[in-house]
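Remember, it's a predicted structure, so these values are computed and weren't measured experimentally. Each chain gets a letter, A, B and so on, in the order the sequences are listed, and its residues count up from 1.
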Amino acid sequence: QKEVEQDPGPLSVPEGAIVSLNCTYSNSAFQYFMWYRQYSRKGPELLMYTYSSGNKEDGRFTAQVDKSSKYISLFIRDSQPSDSATYLCAMKTGGFKTIFGAGTRLFVKA
Amino acid sequence: GAGVSQSPSNKVTEKGKDVELRCDPISGHTALYWYRQSLGQGLEFLIYFQGNSAPDKSGLPSDRFSAERTGGSVSTLTIQRTQQEDSAVYLCASSAYNTEAFFGQGTRLTVV
């Protein structure tokens, strides 16, 4: 079993929809949680970074961490075609090593 | 440099040849990671360096794959006797203590 599980998709939604992307994990020691966005033919870039449980909002994006369930989510409101990308979750216990999910491909149709 | 630099950006090689992929991490970042993304596949972990040592090599798919890092900086991923299934984008990332990982733009390897 992988430490971090992420549904690869693809996920296809109409423009304006609310998108929910999720990851589950097995290591209860993870404390730092991240979401990366990767456009086609580009390297992943950090989108959201949260510590421990709770919510963090940035514009149309909300990151949610539920440590009791070992479950993290990224919500995208009013999705746009420009949000079409691969979204990767990542987490770490602290220190250096980061563990990544495999990524979910999202398509937002105009 | 300001970001993680990978070279070459594209590489076409003949089956059976050896290739070397280079990663130049952000200055001061002691952690370095190599990943692979095959067409339509997810991100696949290959190897993690802490300084010059590699405490986790568990993702290297076969003994044709090796990586080294010298001076706590530049890393080279070597693939010997390349096969067509090695065709993928190879991504490098680096991080400092308690920071997020920063990725390079990747090397697109095509084995023909």
So salt bridge (charged side-chain N to carboxylate O under 4.0 Å, His left out) across residues 71-86 of chain B, not counting sequence neighbours, yields B:Arg64-B:Asp86
| Interatomic distance, A:Tyr32 atom OH to B:Thr99 atom OG1 [nearest 0.5 angstrom] |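 The OG1 atom of B:Thr99 is 10.5 Å from OH of A:Tyr32, to the nearest 0.5 Å.
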Rounding to 0.5 Å, atoms OG (B:Ser95) and NZ (A:Lys92) come to a distance of 4.5 Å
Honestly curious: do [X] and [Y] fall in one hydrophobic cluster under the side-chain, below-4.5 Å linking rule?
X       : Y       : answer
B:Leu60 : B:Phe49 : yes
A:Leu47 : A:Phe33 : yes
A:Tyr49 : A:Leu74 : no
B:Val89 : B:Leu77 : no
A:Val65 : A:Met34 : no

With sequence neighbours left out, the residues meeting salt bridge (Lys or Arg N to Asp or Glu O under 4.0 Å) with A:Lys109 are none
By salt bridge (Lys or Arg N to Asp or Glu O under 4.0 Å), B:Glu100 pairs with (sequence neighbours left out) none
Whatever's closer than 4.5 Å to a heavy atom in chain A on B:Ala93 counts as neither
Point to revise | Engaged part of B:Tyr48 at the chain A interface, taking heavy atoms whose separation is under 4.5 Å | key: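 Only the side chain of B:Tyr48 comes within 4.5 Å of chain A.
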What one should report as the nearest heavy-atom pair of A:Phe100 and B:Leu43 is CB-CD2, 3.8 Å
In short, B:Leu91 meets A:Pro44 closest at the heavy-atom pair CD1-CD, 4.0 Å
| request: Take B:Gln37 and A:Gln38 through the test side-chain contact (heavy atoms from CB on, under 4.5 Å) and record every step on the way to the result. | output: CA-CA 12 Å; B:Gln37 273 182 325; A:Gln38 183 183 21; 2.8 Å; yes
| query | Pick from B:Tyr33, B:Phe45, B:Tyr35: which one has the most heavy-atom pairs with chain A under 4.5 Å? | reply |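 Result: the option with the highest number of such pairs is B:Tyr33.
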| query | More than 12 non-hydrogen atoms from neighbouring residues, nucleotides or ligands closer than 6.0 Å to CD on A:Glu45, yes or no? | reply | no
Check your understanding: When only heavy atoms count and the cut-off is under 4.5 Å, which of residues 103-112 of chain B reach chain A?
Key ->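 Within residues 103-112 of chain B, the residues under 4.5 Å from chain A are B:Phe103, B:Gly104, B:Gln105, B:Arg108.
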